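Because the structure is a prediction, the values reported are computed rather than measured.
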Amino acid sequence: MQFPPARVLKRSAIVSVIVGSALNLINQPEAIFGPSQIVWWKLALTYAVPFLVATYGAMAAMKD
């Protein structure tokens with residue numbers, strides 16, 4: 001598989017921000033709105049996973 005085109009990366013980044021933010025609100029509300037500390041590795045994964053899934057899906061669709 002080749003490196004994703006810029007339009008795929010841009011769309012994946014937008015999906016990652018929207019989905020990652022929603023998931024972070026669901027998974028760490030006590031850290032965002034309360035006294036708990038943010039778990040940074042969870043935050044990173046919360047944004048990375050939707051980015052990777054969106055990128056993979058777009059690249060697989062383009063290959064077919």
Side-chain angles (χ1 to χ4, degrees):
M1 197 177 273
Q2 64 183 3
F3 191 76
R7 71 181 195 273
V8 170
L9 295 176
K10 181 180 177 184
R11 183 174 294 148
S12 295
I14 292 168
V15 168
S16 177
V17 168
I18 294 168
V19 174
S21 296
L23 289 173
N24 200 40
L25 286 170
I26 293 167
N27 292 329
Q28 297 195 73
E30 65 283 347
I32 296 169
F33 302 114
S36 297
Q37 296 290 325
I38 291 177
V39 180
W40 292 103
W41 66 269
K42 284 185 180 181
L43 179 76
L45 282 176
T46 300
Y47 287 98
V49 170
F51 179 82
L52 294 172
V53 170
T55 302
Y56 176 78
M59 292 301 292
M62 288 172 54
K63 184 179 178 184
D64 289 343

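To the nearest 0.5 angstrom, Leu45 atom CG is 10.5 Å from Asn27 atom CG. The CD1 atom of Ile32 lies 4.5 Å from the CG atom of Asn24; values are rounded to the nearest 0.5 Å. Rounded to the nearest 0.5 angstrom, Leu9 CG and Met59 CE are separated by 8.5 Å. Distance check: Arg11 CZ to Phe51 CZ gives 12.5 Å after rounding to the nearest 0.5 Å.
Qualifying side-chain hydrogen bond (donor to acceptor under 3.5 Å, both in side chains) partners for Thr46, counting only residues two or more places apart in sequence or in other chains: none.
Counting only heavy atoms from C-beta outward, the side chains of Pro4 and Met62 never approach each other to under 4.5 Å. With a 4.5 Å cut-off on side-chain heavy atoms, Leu43 and Val39 do not count as touching.
Remark: the Tyr47 side chain and the Ser21 side chain contain an N/O donor-acceptor pair separated by less than 3.5 Å.
When all heavy atoms of Pro50 and Ser16 are compared, the closest pair comes out as CB-CA, 4.1 Å. Heavy-atom minimum distance, Gln37 versus Gln28: O-OE1, 4.4 Å.
Under a 3.5 Å cut-off, the side chain of Ser36 and the backbone N or O of Ala31 do not form any donor-acceptor pair.
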